[in-house]
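Whatever order the structure lists them in is the order used to number ligands and atoms, beginning at 1. Excluded from the calculations below are hydrogen atoms, water molecules and symmetry mates; all remaining heavy atoms, backbone and side chain alike, are included.
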Amino acid sequence: MILILKSGATDDQVDHVIERVEALGLKAHLSRGTFRTIIGIIGDESQIAEESIRAIPGVSKVIPVLPPYKLASREAHPDGTIVDVGGVKIGGGNIGLIAGPCSVEEEDRMHRIAEQVAAAGANIFRGGAFKPRTSPYAFQGLGEEGLKRLRDAGHAHGMPVVTEVTDPRLVELVAEYADMLQVGARNMQNFALLNEVGASKRPVLLKRGMSATINDLLMCAEYILSQGNMNVVLCERGIKGFDPATRNLFDVSAVPLVQQLSHLPIIVDPSHATGKPELIPACALAGLAAGADGVHIEVHDCPEVAKSDGPQALLPEQYAEVAAQMKQLAELFGKSISPLPETIA
Ligand code: PEP
Ligand code: MN
């Protein structure tokens, strides 16, 4: 950690900073320049609370050398992590293709959509049974019945399933049915939920909050990792922009940036990022071209009757077209779409 002192810092203040650092069992290296005094702190940075150091009179800036997300950082784990979702690998050149309706729908429709997206190349089936809706009067999801329908339809077509868990009290129930737990954008900083999915054995899909910085996202991943669950996949799903022309602003640069900073796989969700079916294929391919480890797309066979997010759903045939292009692009980068597992529990 490097401390930059204020230009007028007195000798007493400098001595006091050094005393505080040494009291923590760390070494302080003083460097006096013409205009500024800098103190380098040598030793285990985790011993120091950055905020209390910043509160010492005379200290102007505190620059940590290591990122605050210790377990999620690339430094902690130079090789990329590969997350196994019920036999489907994400990361390390293995591409996850998550597809399915926004909400879990009727049983026969779930089977139809599952069959079509699996045939197109999707390897993880999705659908929300607990929906985080802006309005309390909007459809809230089918609950446990939805979890059953999702699992049955996904597994019948050889795909593990991912579904959102919105409340720490539901983690155990959702984990009984789901191969992967999704923490949605609105719940990214629900720390009780992060701790609970961290304690679960299921891999977690952590979506970036719509107003969250990359640092916020990685700190939230850190909550899950710090509970002992290392199987976290991040998801860029668009952040709030100023222009209502798209639902959100697709931050494609988040992909290579996160990959520089962290070993965790990151996928993109062009459905929620754009909210427009006609923009989804291009943004899906852009995400893969930027290095994403997977793509999450909402698919519905009759968007006008969808229980949620119908206007942004791709039709199964549109999904098949972009899935074929994603397969080609993955191959161009020496990657491959993860095959379906031989058996599914
Ligand atoms: C979803 O996946 O349907 C969803 C609600 O996503 P997000 O949390 O990214 O809005
Ligand atoms: Mn949705």
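Contact check on D11 versus R32 returns a salt bridge, with a Lys/Arg side-chain nitrogen under 4.0 Å from an Asp/Glu carboxylate oxygen. Checked for salt-bridge contact, R149 and E106 miss the test: no charged N lies under 4.0 Å from a carboxylate O. Electrostatic pairing of D309 and R247 counts as a salt bridge here, judged by a charged N lying under 4.0 Å from a carboxylate O. Comment: K307 engages E105 in a salt bridge, judged by a side-chain N to carboxylate O separation of less than 4.0 angstrom.
What sits closest to atom 9 (O) of ligand 1 on the protein, heavy atoms only, is R237 NE, 2.6 Å. Looking only at heavy atoms of the protein, atom 5 (C) of ligand 1 is closest to E164 OE1, 3.8 Å. Among all non-hydrogen protein atoms, the one lying nearest atom 6 (O) of ligand 1 is K207 NZ, 2.9 Å.
No part of M210 comes within 4.0 Å of ligand 1, judged by heavy-atom distances.
Scanning for side chain to side chain contact (heavy atoms under 4.5 Å, CB included) contacts around A114 gives F125, A153, H157, M159, with sequence neighbours left out.
Taking every non-hydrogen atom of C102 and a distance limit under 4.0 Å, the qualifying atoms of ligand 1 come out as 3 (O). Shown in contact with G184 at under 4.0 Å from a heavy atom are these atoms of ligand 1, numbered in order with element: 8 (O). Residue contact check: R186 has heavy atoms under 4.0 Å from atoms 7 (P), 8 (O), 10 (O) of ligand 1.
Within the structure, ligand 1 lacks G128 among the residues with a heavy atom less than 4.0 angstrom away. For E298, the heavy-atom gap to ligand 1 drops under 4.0 angstrom.
Within D309, the N, O or S atom lying nearest to the Mn ion (ligand 2) carries the name OD2. Closest to the Mn ion (ligand 2) among the N, O or S atoms of E298 is OE2.
Among V174, L181, L205, the single residue meeting the side-chain contact (heavy atoms from CB on, under 4.5 Å) criterion with T163 is V174.
Looking at H272 next to ligand 1, an N or O pair under 3.5 Å apart turns up. Of the N or O atoms in R126, one or more lie within a sub-3.5 Å distance of an N or O in ligand 1. Remark: ligand 1 and A185 share an N or O pair separated by less than 3.5 Å (distance only, no angle test).
Checking side-chain atoms of N229 against main-chain N and O of V197 turns up a donor-acceptor pair under 3.5 Å. Side chain of R237 to main chain of A185: no donor-acceptor pair is present (N/O by atom type, distance under 3.5 Å, no hydrogens or angles).
Here C102 contributes SG and H272 contributes NE2, and at the Mn ion (ligand 2) these two atoms make an angle of 170°, given to 10°.
Atom OG1 of residue T166 and atom CG of residue N190 lie 9.0 Å apart, to the nearest 0.5 angstrom. Separation of atoms OG (S262) and CG (L225) is listed at 7.5 Å; rounding is to 0.5 Å.
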